[in-house]
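Given the structure is predicted, the values throughout are model-derived calculations rather than measurements. Basis for what follows: all heavy atoms, side chains included, without hydrogens, waters or symmetry-related copies.
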Amino acid sequence: MRAAKLPIRSLLRFVVLVLLATTSFGVNVTYDHRAIVIDGERRVLVSGSIHYPRSTPDMWPDLIQKSKDGGLDVIETYVFWNLHEPVRNQYNFEGRNDLVKFVKLVAQAGLYVHLRIGPYVCAEWNYGGFPLWLHFIPGIQFRTDNEPFKTEMQRFTAKIVEMMKQENLYASQGGPIILSQIENEYGNVESEYGSAGISYIKWSAGMAISLDTGVPWVMCQQADAPDPIVSFLFD
């Protein structure tokens, strides 16, 4: 007796459906002040960093797979403003700067993503990730309640969020991104800015939430992170 053969078209359709099933997350992510909650279940997740521009795209699948094999649940990465916008309003998301490709590869491996937008990232990275042209905007003061800085910060942050949304990469859209970060380790320097630092953090939180990602926003080492921003400590 001969086994029934599937037509090539049906077989291809089956393969595509399997691939979609393995890379679609479709989760509801919240935070209950004790843990990350995914689809109603508290989770303890192990995360690790892969900074995509510090390696080449052909290296990414192996790095991600080794991270998974090592027990990671989440890949976290900063977003490097000075790489993506080296000249004001001129963007680069090609080659090792292809953030969308990197996030999709993480998803294909079945891991979550924590997208740490910043856009100040520190990360032992030149100028903390700020593009050099930012320095020459008249009247600008970095990381404080300063309108020129806030305008540029919001513009870049919104662009990254919109890119992720267009590719359906947030967990609320079926994608792998379960967390996004705004600012970075500001609690270490906030006192130097006085009341302007406090108002800047409140503004940053409100701005991030207004982008409506459908997943929690976090601040790293920010004890006074405004609710509902989650304050995380990363080692």
Measure the shortest side-chain to side-chain distance between [X] and [Y] over non-hydrogen atoms and say whether it is less than 4.5 angstrom.
X	Y	answer
Gln108	Leu105	yes
Leu115	Leu179	no
Pro228	Trp217	no
Ile182	Met207	yes
Trp133	Glu152	yes

Problem - For the student: nearest non-hydrogen atoms of Tyr193 and Val189, plus distance - result: CD1-O, 3.4 Å
Exercise for the section: For side-chain hydrogen bond (donor to acceptor under 3.5 Å, both in side chains), just list the numbers for Glu190 and Gln222, CA-CA rounded to whole Å, side-chain angles, deciding distance to a tenth of an Å, and then say yes or no. Expected result: CA-CA 9 Å; Glu190 182 177 344; Gln222 190 67 42; 2.6 Å; yes
Practice task
May I ask you to decide whether Glu94 forms a salt bridge with Lys101, counting only side-chain N to carboxylate O separations under 4.0 Å?
Solution key: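 Salt bridge: no.
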Handout entry: Salt-bridge contact Lys165-Glu162 (side-chain N to carboxylate O under 4.0 Å)
Key = no
Do [X] and [Y] have their ring centres less than 6.0 Å from each other?
X	Y	result
Phe80	His51	yes
Tyr31	His33	yes
Tyr186	Tyr120	no
Phe142	Tyr200	no

Problem - Over 12 non-hydrogen atoms of neighbours within 6.0 angstrom of NZ in Lys68 - result: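 More than 12 heavy atoms, drawn from other residues, nucleotides or ligands, come within 6.0 Å of this atom.
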Practice task
Decide if atom CG of Asn126 counts as having more than 12 heavy atoms of other residues, nucleotides or ligands within a radius under 6.0 Å.
Solution key: no
Nearest-0.5 Å distance that lies between atom [atom1] in [X] and atom [atom2] in [Y]:
X	Y	atom1	atom2	value
Asp145	Lys150	CG	NZ	4.0 Å
Glu76	Ile177	CD	CD1	13.5 Å
Asn82	Phe156	CG	CZ	9.0 Å

Practice task
Determine, using the 4.5 Å side-chain heavy-atom cutoff (strictly less than), whether Val87 and Tyr127 are members of one ILVMFWY cluster.
Solution key: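 The answer is no; the residues belong to distinct hydrophobic clusters.
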Handout entry: For Phe102, the option from Trp60, Tyr78, Phe93 that meets ring pair (Phe, Tyr, Trp, His ring centres under 6.0 Å)
Key =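 Passing option: Trp60.
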